[in-house]
There are 2 protein chains.
Amino acid sequence: MPNIYDISERSGVSIATVSRVLNGSPKVSEATKNKVLAVMDELGYTPNVFARGLGLNTMNTVGIMCSDSSDPFLANAVYYLEQNLRKHGYDSFLCCTGYELQNKKNYLELILTKRVDGLILVGSSLLEPNDEDNLYIKEAASHVPVMLMNGVLKGAGIYSVVCDDCGAVSSVTERLIKSGRKRILYLYTAESGSGLQKLKGYKEALKANGIKCDKDLIRLLPCDIENTRHLLSGLYTSGLRFDAVVCSEDRLAVGAIKAAKDMGLSIPGDLQVVGYNNSLLALCTDPELTSIDNHVETLSATAVKCLTDVFQGKRIPAKTIIQNALVQRETTRFQ
Amino acid sequence: MPNIYDISERSGVSIATVSRVLNGSPKVSEATKNKVLAVMDELGYTPNVFARGLGLNTMNTVGIMCSDSSDPFLANAVYYLEQNLRKHGYDSFLCCTGYELQNKKNYLELILTKRVDGLILVGSSLLEPNDEDNLYIKEAASHVPVMLMNGVLKGAGIYSVVCDDCGAVSSVTERLIKSGRKRILYLYTAESGSGLQKLKGYKEALKANGIKCDKDLIRLLPCDIENTRHLLSGLYTSGLRFDAVVCSEDRLAVGAIKAAKDMGLSIPGDLQVVGYNNSLLALCTDPELTSIDNHVETLSATAVKCLTDVFQGKRIPAKTIIQNALVQRETTRFQ
DNA sequence: CACGTCGATGTAAGCGTTTACATAGCGATT
DNA sequence: AATCGCTATGTAAACGCTTACATCGACGTG
């Protein structure tokens, strides 16, 4: 592979000049520049990133840490992040950490070793319930800017882009109540980091409407269709009654729809169902699922925009909020 | 940030010895090794990858080129690839190319610039119909080993891991025929690279059973639920009749199920439906979708295994075939 | 006892860039 | 004509590591 010396020799200029051409420095005459470019093209030269990295101590790469890129929502996020990063001239270094805290710590260390220019953390269990467990993120932020997608953590060099999950759930719950529902089930998963935010919204809506919060109607469960289906059927059989279900994830909602069929409940007549993320799944069910869309595209674009702003030394707010929107389909009936 | 000289100084050995410790060289006494490790730990030292890369001309990184990681099947593939690569000690450099040929060419050039140790190409439109358009892959293979997932191309340094798509479709089509279906619709998308392989299987099955192939029953369409739904309803309204649908992608099958409902056809009584990829979507529909599972997990693991074997100088077959399996659910009824 | 061997460690060159600083050439200013 | 300043270009050091080769001491062998 040709290196900068080959180009230098062949084009009769010094390596410094070649390097200047490479970096688009203005202090090179048009003539030399063209000559050098011609030689580069002729020899099929590509600069060596390692050498470049050594000098500049950057590789124009952003690390994406994602708990599980096979989750439809996260897959979308990774996709849009990658697209947007590239648009801004950055490459993506992907890391799927899974849900184990220790793994996440290990991966984070690893990714920092790679000398990425910044980090984007995305994914369900982004933040541990115990704040002490999040120290590793603060540690990372002391090296490079860290962008949290759908999670909030305070600290120098840590920025967040979040949806108004609390508000969205509060609003949809309120609408369910206004449409006459009184016993609203709330299902959430541990993997969904903002599950607690959403729960907060749920409780707020109940309170604002003078409905007492029934612990039996709040369920933490794994993010799995079949499991949810059986849980709900079981609850129903054992006598629990409910007339609406709000879920922190579409998959749970799919399970709820299946369960309704098992129980002989009509949707949305006997049971209204609301999902979250507005994923492809919402279009597959019958009836089609009403879901809260958190604009993963906007979310991703904003995360990248903010991060690159930080790179350029701009000051940005520590927290940026994106509004999400309810996409109404067939599993609900309210104004 | 501390560098190798700091460690050397602090531990009273030369940088060569430090480097040896770093690389696990056997020619370091246990005592020195421990001392050096202690100092590294104390100073929080992490080797600089660029410097390392400069010397070794490798960064233990594999480039993953994926047309669209928001596609559920590809998202899964990317996930498993990343997991397996890490297990083998490699990092992943992700690149979502989209479906434009020119983009793919650009990205490939870019990714090679990064000095990856190898490439894994995954994704629907992996291979262009026109063989000349695939030259850029051969070009890439002249630099580093290239692994094709679900696509075949001959050339030095190009390896493939594929499912027996042709056989799987042939087999399922035959079973549909045996169950009494005569007018079987075949739907495929341009994005699905193996759509043509699958089509071949479809035709083979018809031929083997003495059924004439009706061009009207073979449709190329975009990979979209709503679009498929409307197309089928339209065809039905305009008089086309069919009693089974085989699809090259689950999303098409979801559209078909929706269309059946529109047309008042019962599934699987009037219409049997088969999807492909056995994605999450298959579990969401009602009735649940029978789908061909191409073992993305095995496929990914095999791709990574083969590639790392190549890295180690082992000889591997240019083409490895994985068997796929039919997962029967509610949209079909045959033995 | 001289010598070869071997294992542990050190020295220094090299990897391919970037860039601060030096230099050369040339027109403008005095 | 000497000086200044500017632009285009060159020189060389630095980035942090790997590794071939050199060195050194200890030990076994004839």
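Note that this is a predicted model, so its numbers are computed, not measured. Residue numbering restarts at 1 for every chain, and letters A, B, ... go by the order of the sequence lines.
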In residues 5-22 of chain A, what residues come within less than 4.0 Å of DNA chain D, judged by heavy atoms?
A:Gly12, A:Val13, A:Ser14, A:Ile15, A:Ala16, A:Thr17, A:Arg20

Evaluate whether atom NZ of B:Lys33 has more than 12 neighbouring non-hydrogen atoms of other residues, nucleotides or ligands under 6.0 angstrom away.
no

I'd like to know if the side chain of B:Ser160 reaches the main chain of B:Val162, judged simply by a donor and an acceptor atom lying under 3.5 Å from each other, with no hydrogens or angles considered.
no

For B:Val28, answer base if it contacts any base atom (sugar-phosphate contacts may also be present), sugar-phosphate if it contacts only those atoms, and nothing otherwise; contact means non-hydrogen atoms under 4.0 Å.
sugar-phosphate

If you count every heavy atom of other residues, nucleotides or ligands that lies below 6.0 Å from A:Glu42 atom CD, does the total exceed 12?
yes

Separation of D:dC17 atom P from A:Asn57 atom CG, nearest Å, is 11 Å

Could you check how far NZ of B:Lys33 sits from C1' of C:dT9, rounded to whole Å?
16 Å

Could you give the CE-to-P distance, from A:Met59 to C:dT17, as a whole number of Å?
15 Å

Ignoring hydrogens and geometry, is there a side-chain-to-backbone donor-acceptor pair from A:Asn60 to A:Gly89 under 3.5 Å?
yes

Starting from P on D:dC15, measure out to CG on A:Asn48 and report it in whole angstrom.
18 Å

Euclidean distance, atom CD1 of residue B:Ile4 to atom P of C:dA12 [Å, nearest integer]
16 Å

Atom-pair distance (NZ on B:Lys27; C1' on D:dT23), nearest Å:
13 Å

Among A:Val144, A:Leu81, A:Val116, A:Ile120, exactly one meets side chain to side chain contact (heavy atoms under 4.5 Å, CB included) together with A:Val62. Which residue is that?
A:Ile120

Should we count CZ of A:Arg10 as having more than 12 external heavy atoms under 6.0 Å?
no

Hey, does the side chain of B:Ser29 come within less than 4.0 Å of C:dG7's phosphate (OP1/OP2), counting only N and O?
no

D:dC15 C1' sits how many Å from B:Leu54 CG, rounded?
9 Å

State whether B:Glu82 and B:Arg86 are salt-bridged, where the test is any N-O pair (Lys NZ or Arg NE/NH1/NH2 against Asp/Glu carboxylate O) under 4.0 Å.
yes

Please determine if a side-chain N or O atom of A:Asn23 lies less than 4.0 Å away from the OP1 or OP2 oxygen of C:dT18.
yes

Could you say whether A:Ala51 or B:Thr32 is positioned toward the 5' end of DNA chain C, judged by the nucleotide with the nearest heavy atom to each?
B:Thr32

Let me know the distance between CG of A:Asn60 and P of C:dT17, rounded to the nearest Å.
16 Å

